[in-house]
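Data first, discussion second: the structure below is written as structure tokens.
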Amino acid sequence: MADNKNKKGKQDRNQVSGSENYEIQYFKEKMGVSSQAVTGAMRATGSNDRKVLEDYLKKRHSK
């Protein structure tokens with residue numbers, strides 16, 4: 001799904017756009033993981049929802 005820059009409400013803030021490098025950069029720095037880990041989490045979960053990705057990455061990288 002393409003990111004619509006005109007929609008800046010809560011719904012858009014709950015998602016990480018895989019096509020926008022700045023969103024991946026911010027999320028990877030926030031979580032302390034690599035860009036590959038973020039894109040891998042998106043593929044593994046089939047979601048771009050921030051909460052789902054945070055939960056997945058916390059479980060994967062807490063070992």
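Below, each value reflects all heavy atoms present in this structure, side chains not excepted, and no hydrogens, waters or symmetry copies. Everything quoted here is computed from the prediction, not taken from an experiment.
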- prompt: How long is the span from the CE atom in Met42 to the CD atom in Gln15, to the nearest 0.5 Å?
  reply: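 If I round to the nearest 0.5 Å, the distance is 9.0 Å.
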
task: Any chance you could measure Lys28, atom NZ, to Asn21, atom CG, to the nearest 0.5 Å?
output: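 Lys28 atom NZ to Asn21 atom CG measures 11.0 Å (nearest 0.5 Å).
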
- prompt: Does the salt bridge (Lys or Arg N to Asp or Glu O under 4.0 Å) test come out yes or no for Asp55 and Lys51, once each step is laid out?
  reply: CA-CA 6 Å; Asp55 290 343; Lys51 184 68 176 158; 3.7 Å; yes

field: Within-4.5 Å side-chain heavy-atom neighbours: Asn14 and Arg50
entry: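 Contact flag for Asn14/Arg50 side chains = no.
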
field: Pairwise side-chain contact, Gln25 with Ser35, heavy-atom cut-off 4.5 Å (strictly under)
entry: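 Counting from C-beta outward, Gln25 and Ser35 do come under 4.5 Å.
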
- prompt: Val52 and Val38: same hydrophobic cluster, using ILVMFWY side-chain contacts below 4.5 Å?
  reply: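 No, Val52 and Val38 fall in different hydrophobic clusters.
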
task: Could you tell me which non-hydrogen atom of Leu57 sits nearest to which non-hydrogen atom of Ala41, and how far apart they are?
output: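 The pair with the smallest heavy-atom distance is CD2-CB, 3.9 Å.
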
